[in-house]
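Order of the sequence lines fixes the chain letters, A, B, ..., with proteins taken first and strands second; residue numbering starts at 1 for each chain.
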Protein chains: 2
Amino acid sequence: MLNEFDIFKDFLHQQKLRWTPQRKMILDVFLSFDGHVQIESLHEKMQAQDPSLGIATLYRTLKLLVDCGLVEAHSFQNGRKTYERTFHVRHHDHLICTRCETTIEFEHPLIEKYQLEICEQYGFSLKSHKMELLGICRNCRK
Amino acid sequence: MLNEFDIFKDFLHQQKLRWTPQRKMILDVFLSFDGHVQIESLHEKMQAQDPSLGIATLYRTLKLLVDCGLVEAHSFQNGRKTYERTFHVRHHDHLICTRCETTIEFEHPLIEKYQLEICEQYGFSLKSHKMELLGICRNCRK
DNA sequence: TTTTATAATGATAACGATTATCAATATAAA
DNA sequence: TTTATATTGATAATCGTTATCATTATAAAA
């Protein structure tokens with residue numbers, strides 16, 4: 001059974017790039033998070049494990065993970081990037097609080113169904129979709 | 001009939017802020033664009049009308065327009081912000097062909113309804129949403 | 001195993017969009 | 001008018017992200 005490490009290794013090999021301890025560790029730390037992660041969180045956790053690892057390597061490796069399809073990059077309100085795992089994860093949409101930037105994942109089968117309907121109507125073959133609902137979350141409304 | 005200028009003026013007055021020629025001109029230039037605008041485009045067009053107007057004022061005014069609800073700010077992949085008019089504009093979603101980049105606008109009342117349902121469920125107050133369906137269009141499938 | 005070509009690393013300088021600072025000026029209420 | 005203070009333009013500062021570069025590590029070949 002293929003896992004993220006094998007996929008990353010294969011990708012690197014195909015591109016004539018190298019499998020290094022740093023890249024292994026970064027993928028490891030990344031996978032230990034759920035949902036959306038910011039560089040800052042990854043960096044903190046990495047520093048705890050190996051303070052010698054530089055931030056540039058972190059950015060570089062995240063970019064490779066995006067290139068090989070294991071990770072998706074988003075850029076939200078404050079201009080800071082967030083990274084999200086895309087492999088072995090059910091598809092979901094996002095509720096985003098525009099005040100505190102909390103993100104909640106959800107899924108609604110009927111919305112998916114109507115999306116397909118619309119695509120048929122216009123002769124589209126649907127590959128993927130992105131839906132973000134922007135608003136103010138329960139906490140921020142208090 | 002209330003227009004954008006009146007709304008902005010009222011907002012400024014309420015906040016004890018001032019109505020200035022620069023703010024008028026920026027709103028004017030902003031409204032002359034359709035869809036998403038970047039600071040760069042606004043700045044160019046403004047320079048043509050009045051080269052003395054500074055970029056800081058542009059940023060400051062855009063922020064005020066967002067605060068008073070006339071404009072919505074997004075931040076896309078490249079980290080650059082885009083601004084979108086939100087008043088007197090029908091909302092719409094997008095079907096995007098990933099091959100030829102054709103974009104079709106659509107609207108589906110039931111999807112909107114279920115979005116509201118989801119927000120209620122999580123205690124969100126919905127302000128806006130973005131939905132993009134990515135696929136291959138009729139032409140490209142031939 | 002040793003050699004060798006070259007990819008990767010960490011430190012840090014550079015970049016670029018946005019924001020903060022500040023002295024001079026403009027606004028609007030009294 | 002006068003007066004308090006908000007606004008302006010210029011530009012320095014900020015901060016997340018990238019590029020640079022000398023040193024080191026990797027992996028394929030010998």
Open item on the list: Could you check whether any side-chain N or O of B:T86 sits under 3.5 Å from a backbone N or O of B:L70, counting only pairs where one atom can act as donor and the other as acceptor?
Closed with: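 Indeed, once roles are kept as given, a pair shorter than 3.5 Å links the two residues.
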
Phosphate OP1/OP2 of [N] contacted by [X] side-chain N/O (<4.0 Å):
{"X": "B:K81", "N": "C:dT19", "value": "yes"}
{"X": "A:K63", "N": "D:dT17", "value": "no"}
{"X": "A:Y59", "N": "D:dT17", "value": "yes"}
{"X": "B:H13", "N": "C:dA29", "value": "yes"}

[X] [atom1] - [N] [atom2] separation (whole Å):
{"X": "B:L42", "N": "C:dT18", "atom1": "CG", "atom2": "P", "result": "11 Å"}
{"X": "A:E44", "N": "D:dG16", "atom1": "CD", "atom2": "P", "result": "12 Å"}
{"X": "A:M25", "N": "C:dA8", "atom1": "CE", "atom2": "P", "result": "18 Å"}
{"X": "B:Q15", "N": "C:dA28", "atom1": "CD", "atom2": "P", "result": "15 Å"}
{"X": "B:D67", "N": "C:dT19", "atom1": "CG", "atom2": "P", "result": "11 Å"}
{"X": "A:Q38", "N": "D:dT17", "atom1": "CD", "atom2": "C1'", "result": "14 Å"}
{"X": "A:K9", "N": "D:dT26", "atom1": "NZ", "atom2": "P", "result": "13 Å"}

Between atom [atom1] of [X] and atom [atom2] of [Y], what is the distance when rounded to the nearest 0.5 Å?
{"X": "B:I118", "Y": "B:F124", "atom1": "CD1", "atom2": "CZ", "result": "11.5 Å"}
{"X": "B:K63", "Y": "B:D67", "atom1": "NZ", "atom2": "CG", "result": "8.5 Å"}
{"X": "A:E4", "Y": "A:F11", "atom1": "CD", "atom2": "CZ", "result": "15.0 Å"}

Task: Minimum heavy-atom distance between B:N3 and B:F5, given as atom pair plus value - done: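 Minimum heavy-atom separation between B:N3 and B:F5: OD1-N, 2.9 Å.
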
TODO: For the residue pair B:H108 and A:Y114, categorise the inter-ring angle as parallel (less than 30°), tilted (30 to 60°) or perpendicular (more than 60°).
DONE: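 Correct class here is tilted.
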
Task: Parallel, tilted or perpendicular: ring planes of B:F8 versus B:W19, cut at 30 and 60 degrees - done: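 Because their plane-to-plane angle is over 60°, the rings of B:F8 and B:W19 count as perpendicular.
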
Open item on the list: Mind checking if A:H43 touches a base, just sugar-phosphate, or nothing, with heavy atoms under 4.0 Å?
Closed with: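 Result for A:H43 = nothing.
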
- [ ] Answer with yes or no whether the hydrophobic clustering places A:I136 together with A:L133; edges join I, L, V, M, F, W, Y residues whose side-chain heavy atoms lie under 4.5 Å apart.
- [x]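 No, it is not one cluster - the side chains of A:I136 and A:L133 are not joined through contacts under 4.5 Å.
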
Task: Electrostatic pair B:K127:B:E72 at N-O distance under 4.0 angstrom - done: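 So B:K127 does not pair with B:E72 through a salt bridge.
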
Task: Axis-to-axis angle between the two ends of the helix from C:dT1-D:dA30 to C:dA30-D:dT1 (five base pairs per end, rounded to 10 degrees) - done: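 Roughly 30°, once rounded to the nearest ten degrees.
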
Task: Sugar-phosphate or base contact per nucleotide [nucleotides 3-12 of chain D; S, B, -; heavy atom under 4.0 Å] - done: -BBBSBBBB-

